[in-house]
**Q** 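Starting off with a structure, shown below.
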Amino acid sequence: MRVTAPGDDQRPDPSVVHTWSTRNAAGWRGAATALNAFDVAVVQHEYGVYPGTDGEDVLPLMRRLTVPSIVVLHTVLRQPSARQKTLLEQIVAAAGAVVTMTGTAHDRLLVGYAVDPAKVSVIPHGAADAVGAATPRRTRPHLLTWGLLGPGKGIEWALRALARLQDLDPTPTYTVAGRTHPKVIEHQGEAYRAGLHRLGAELGVAHAVDHQAAYHDEATLGALVRSADVVLLPYDSAEQVTSGVLIEAVAAGVPVVATPFPHAVELLTGGPGLVVPHRDPTALAAAIRRILTEPGLSANLAGRSRPIAADLRWRRWRRGTRPSPDGSSPAGRPGSPRQRRDHVARPGRRRRPRHRDAGARAELHPPGPAQ
């Protein structure tokens, strides 16, 4: 199931069984009806995904479910607003089970919110198998950031760091891959991206920056990640307890330079990357310089990623499959790197109700391709 906002890609996708449009004030009703046709509803929770203030419309949907529900929390704020705190507590109360993907998120939830601890489990964020054809080495060092773009991504700090590395020979290139976040488009248009283009020109590094404002398929994104010498995660947020991009970078064995958001501190400390202060392009540039020039450091960091990557791939679940213990790919289509938005559900197999009237069939299976 997907949630769409104005400006989202509306092209048919056979894997989508129902679309919840934010333009429909009561869209949660149809969404709940569709989810109730499956055995389990897996709700990916993020405040900015669902309609209503702080995404509050997901709560009546959950209360309308007649099938078991599992809520996966992508964000657990340390200092939520009163409304955000109450809403998350009610979501946890309505859920059959709750999953956090890091220990930090788990601890924050139990300490800062009135929730039933028995409902909450930690299942570390999995990763797609970092497999594919060998990527040809580039002639210049390649820095990479990918994911949905918007204020707080910290790309401006990476550009300022890049300007401090122009004395290297050869000079690095920097790829920024991913569309602008739909919520950012809705409220601010492309102002943030346009500002990055202006900043790159002012710093004299525009020629070294490749802005790829598109969604990449699994193969294309996988090749792009494998071509990177360093993945940069210069996020402004000190709240981010889960980062799929971080996990995918580590799983691919690419050294990471990140700011100290909780997931980065938890995964990178003493591990496959370097952590630098927020909004500090000098420190960011120094860390990149170390990885590119210090003998053996890049290989050392990549080596530290291997046991973590193997564990991540073993824990990964995609369409009811998991890799074998030797790391080989599972049967079926593996999940792609997380550049797209994950919304309501990755529901299981469809149930076959004994009685379903024509109206219900029409709602669950509208004429034409599934949206």
Side-chain angles (χ1 to χ4, degrees), residues 44-49 72-78 99-109 122-130 143-158 175-181 183-184 215-216 218 221-222 224-225 228 230-279 284 287-288 301 304-305 308-309 311-313 315-318 335-343:
Q44 307 291 340
H45 181 261
E46 175 65 70
Y47 288 107
V49 169
V72 181
L73 300 181
H74 290 254
T75 295
V76 181
L77 298 173
R78 181 175 50 188
V99 171
T100 67
M101 290 176 277
T102 64
T104 300
H106 173 272
D107 295 345
R108 280 188 182 183
L109 185 64
V122 178
I123 302 179
H125 195 304
D129 293 321
L143 314 179
L144 172 66
T145 302
W146 80 92
L148 292 171
L149 194 66
K153 199 79 173 180
I155 306 300
E156 59 270 33
W157 309 115
T175 299
V176 181
R179 288 180 56 188
T180 300
H181 195 291
K183 289 290 185 180
V184 175
Y215 288 119
H216 290 313
E218 180 182 351
L221 183 57
L224 183 63
V225 174
V230 184
V231 168
L232 305 181
L233 304 181
Y235 303 161
D236 291 338
S237 174
E239 291 278 5
Q240 189 157 351
V241 293
T242 304
S243 170
V245 173
L246 171 62
I247 290 293
E248 297 291 353
V250 171
V254 181
V256 178
V257 176
T259 50
F261 57 89
H263 198 183
V265 172
E266 189 171 318
L267 193 63
L268 297 182
T269 301
L274 302 176
V275 179
V276 299
H278 289 287
R279 306 185 181 213
L284 188 60
I288 298 168
L301 294 175
R304 295 179 191 175
S305 74
I308 300 175
D311 193 37
L312 293 171
R313 287 194 293 272
R315 287 168 173 162
R316 177 176 62 87
W317 287 88
R318 289 288 187 271
S336 61
R338 298 173 56 83
Q339 190 176 4
R340 59 183 177 268
R341 296 164 75 199
D342 288 337
H343 294 315

**Q** Answer yes or no: is there a donor N or O on one side and an acceptor on the other, between the side chain of Thr102 and the main chain of Thr242, under 3.5 Å?
**A** no
**Q** Checking Val231 against Leu233 for the side-chain contact (heavy atoms from CB on, under 4.5 Å) test, could you report, in this order, the C-alpha distance in whole Å, the side-chain angles of both residues, the deciding distance, and whether it holds?
**A** CA-CA 7 Å; Val231 168; Leu233 304 181; 4.0 Å; yes
**Q** Assess the residue pair Leu267 and Leu246 against the criterion (side-chain contact (heavy atoms from CB on, under 4.5 Å)); give the C-alpha distance rounded to whole Å, side-chain angles, the decisive distance to 0.1 Å, and a yes or no.
**A** CA-CA 9 Å; Leu267 193 63; Leu246 171 62; 3.9 Å; yes
**Q** Any idea which heavy atoms bring Pro262 and Ala238 closest together, and the distance?
**A** CD-O, 3.2 Å
**Q** Between Leu224 and Leu144, is there a side-chain heavy-atom distance shorter than 4.5 Å?
**A**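 Yes, side chains in contact.
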**Q** Do Thr175 and Leu143 have side-chain heavy atoms sitting under 4.5 Å apart?
**A** no
**Q** I'd like to check Pro234 versus Arg279 (side-chain heavy atoms, cut-off strictly below 4.5 Å). Are they in contact?
**A**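 When only atoms from C-beta onward are counted, Arg279 and Pro234 do not touch, as no gap falls below 4.5 Å.
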**Q** A side-chain contact here means heavy atoms from C-beta on lying under 4.5 Å apart; do Leu149 and Ile155 qualify?
**A**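 Side chain of Leu149 against side chain of Ile155, heavy atoms only: contact under 4.5 Å found.
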**Q** May I ask you to test the Val122-Val99 pair for a side-chain heavy-atom distance under 4.5 Å?
**A**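 No, every pair of side-chain atoms sits at 4.5 Å or beyond.
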**Q** Looking at Arg78, Glu266, Gln240, which one forms a side-chain hydrogen bond (donor to acceptor under 3.5 Å, both in side chains) with Thr104?
**A**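 Checked Arg78, Glu266, Gln240 against Thr104; only one passes side-chain hydrogen bond (donor to acceptor under 3.5 Å, both in side chains): Glu266.
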**Q** I'd like to know whether Glu239 forms a salt bridge (charged side-chain N to carboxylate O under 4.0 Å, His left out) with Arg108, so could you lay out the CA-CA distance, the side-chain angles of the two residues, the decisive distance to 0.1 Å, and finally the verdict.
**A** CA-CA 11 Å; Glu239 291 278 5; Arg108 280 188 182 183; 2.7 Å; yes
**Q** Is Trp157 close to Leu232 at the side-chain level, that is, under 4.5 Å between some pair of heavy atoms?
**A**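 No, side chains not in contact.
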**Q** With Leu109 as reference, evaluate Val241, Leu77, Val76 under the side chain to side chain contact (heavy atoms under 4.5 Å, CB included) test and give the passing residue.
**A**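 Testing each of Val241, Leu77, Val76 against Leu109, the sole residue satisfying side chain to side chain contact (heavy atoms under 4.5 Å, CB included) is Val76.
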**Q** Verify side-chain contact (heavy atoms from CB on, under 4.5 Å) between Met101 and Ile123, making sure each step is shown before the conclusion.
**A** CA-CA 5 Å; Met101 290 176 277; Ile123 302 179; 5.8 Å; no
**Q** Which pair of heavy atoms, one from Val275 and one from Ala264, lies closest together, and at what distance?
**A**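 The answer is CG2-O, 4.3 Å.
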**Q** Do any N or O atoms from the side chain of Thr259 and from the backbone of Tyr235 form a donor-acceptor pair under 3.5 angstrom?
**A** yes
**Q** Do the non-hydrogen side-chain atoms of Glu248 and Trp146 ever get within less than 4.5 Å of each other?
**A**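 Yes, their side chains come closer than 4.5 Å.
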**Q** Could you tell me which non-hydrogen atom of Ala252 sits nearest to which non-hydrogen atom of Val225, and how far apart they are?
**A** CB-CG1, 3.6 Å
**Q** Test His278 against Leu284 for side-chain contact (heavy atoms from CB on, under 4.5 Å), laying out the working first.
**A** CA-CA 9 Å; His278 289 287; Leu284 188 60; over 6 Å; no
**Q** First locate atom CZ of Phe261, then atom CG of Leu268, and finally report the distance between them rounded to the nearest 0.5 Å.
**A** 7.0 Å
**Q** What I'd like to find out is whether the side chain of Ile247 reaches to under 4.5 Å of the side chain of His263, using heavy atoms alone.
**A** yes
**Q** Looking at Arg304 and Gly271, would you say the former's side chain and the latter's main chain have a donor-acceptor pair under 3.5 Å?
**A**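 Answer holds: yes.
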**Q** Short question: side chain of Thr145, backbone of Val176 - any donor-acceptor pair under 3.5 Å?
**A** no
**Q** Looking only at atom types and distance, does a side-chain atom of Arg179 sit under 3.5 Å from a main-chain N or O of Tyr215, one as donor and one as acceptor?
**A**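 Answer holds: no.
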